[in-house]
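Since the model is a prediction, treat every value here as computed from it, not as a measurement.
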Amino acid sequence: VKVVTQFFVFLYCKCLWRGLKFVVRKFTGRCELQRICYNNKHGARRTLKIESSLRYSKNELLQSALSVHPDKVEKTIDDIMALKKINPDTNPQLGISLQASLLQIVGYRSLVAEVEKLRREPYDCENPEHEEMLMKLWKELRPDTPLTGRISKQWCEIGFQGSDPKTDFRGMGLLGLHNLLYFAEHDKATALQMLHDSLQPKHKYVHFAFHNFLSLTNNLRLI
């Protein structure tokens, strides 16, 4: 049954769906991208539909549009309009809508790639920049308590598992440190309050939550 179902899904995707799109275009006089732009308001829903249409297109130009450099988005839109035989003079809004959505698509794809690169970068205790960020994290969370040494049990006071915090940056790599430092710098009051509560015996649940927050930040993988 599973094989038969997969076969019909494949048949639908490869034949029936493409045939249906052809009929709809002939009937409406508009390609799929036009229908998406004209039938959906500006926003995430329209952008996601445009991204899906480009990703599953048979045309290489449309597929490659998802990974163009932001500076080449305008030219790519012109190429798509030419490929689809759409007159930009009679469809001025289409080009504007496509450009806005494509800039969003290439923007967040570039961001995801950058974040993933940071996640894959391991913490290096020999790297002065990495060490500086780690020391800054300590100063942000424990401003009135000097660190006795780079290797110290004091790190456990702010949620690390052992005396050397570098061992905690596993799954998230350097991204984990960036996240922790950002939290401590940009929401310092909340971070310090969480840390303070976690160190109080009567707030064991906060202690557990705070230490698990640090653990999750350091070990979650990008999905």
With heavy-atom distances below 4.5 Å as the criterion, would you say the side chains of [X] and [Y] are in contact?
X    : Y    : result
L134 : H130 : no
P122 : L174 : no
W138 : T145 : yes
D168 : R170 : yes
I158 : W155 : yes

Donor-acceptor pair, distance only, cut-off 3.5 Å: does the side chain of [X] make one with the backbone of [Y]?
X    : Y    : result
D187 : F183 : no
N40  : R45  : no
T47  : G43  : yes
S152 : G149 : no
T90  : N87  : yes

Requested in this report: Kindly indicate, with the supporting measurements, whether the criterion side chain to side chain contact (heavy atoms under 4.5 Å, CB included) is fulfilled by L195 and R142.
Outcome: CA-CA 9 Å; L195 178 60; R142 304 290 279 172; 3.7 Å; yes

Query raised in the report: Do T148 and Q154 get their side chains close enough for a donor-acceptor pair, meaning under 3.5 Å?
Result: yes

Search all heavy atoms of [X] against all heavy atoms of [Y] and return the closest pair with its distance.
X    : Y    : result
A191 : A184 : CB-CA, 4.1 Å
T76  : A65  : CG2-CB, 3.7 Å
G162 : C156 : O-SG, 3.8 Å

Query raised in the report: Considering residues, nucleotides and ligands other than Y182, do more than 12 of their heavy atoms fall under 6.0 Å from its OH?
Result: no

Report task. Step through the shown structure and confirm whether more than 12 heavy atoms of other residues, nucleotides or ligands are within 6.0 Å of CD on E185. Result -> yes

Answer yes if [X] and [Y] sit in the same cluster of Ile, Leu, Val, Met, Phe, Trp and Tyr residues linked by side chain heavy atoms under 4.5 Å apart, and no otherwise.
X    : Y    : value
Y108 : V73  : yes
L61  : I50  : yes
L180 : V115 : yes

Rounded to the nearest 0.5 Å, what's the gap from [atom1] on [X] to [atom2] on [Y]? Could you check?
X    : Y    : atom1 : atom2 : result
L181 : M133 : CG    : CE    : 5.5 Å
I96  : N91  : CD1   : CG    : 11.5 Å
D78  : Q99  : CG    : CD    : 8.5 Å
R30  : I86  : CZ    : CD1   : 10.5 Å
L175 : L118 : CG    : CG    : 5.0 Å
L98  : I77  : CG    : CD1   : 4.5 Å

Is any NZ, NE, NH1 or NH2 atom of the basic residue among [X] and [Y] found under 4.0 Å from an Asp or Glu carboxylate oxygen of the other?
X    : Y    : answer
E132 : K136 : no
K49  : E32  : no
E121 : K117 : no

Query - Derivation and outcome, side chain to side chain contact (heavy atoms under 4.5 Å, CB included), residues L66 and V106 - result: CA-CA 6 Å; L66 296 173; V106 299; 5.9 Å; no

Query raised in the report: So R46 and S101, side chain to side chain contact (heavy atoms under 4.5 Å, CB included) or not? Walk me through it.
Result: CA-CA 8 Å; R46 186 174 71 183; S101 293; 4.0 Å; yes

Query raised in the report: I80 and side-chain contact (heavy atoms from CB on, under 4.5 Å): which partner among N59, L94, L33?
Result: L33

Query raised in the report: side chain to side chain contact (heavy atoms under 4.5 Å, CB included) between F169 and L177: does it pass, once the steps are laid out?
Result: CA-CA 7 Å; F169 299 109; L177 179 55; 3.7 Å; yes

Query raised in the report: Who are the side-chain hydrogen bond (donor to acceptor under 3.5 Å, both in side chains) partners of R150, not counting sequence neighbours?
Result: E131, D164

Report task. Take Q63 and S57, measure what side chain to side chain donor-acceptor pair (under 3.5 Å) needs, and give me the verdict at the end. Result -> CA-CA 6 Å; Q63 291 178 357; S57 173; 5.7 Å; no

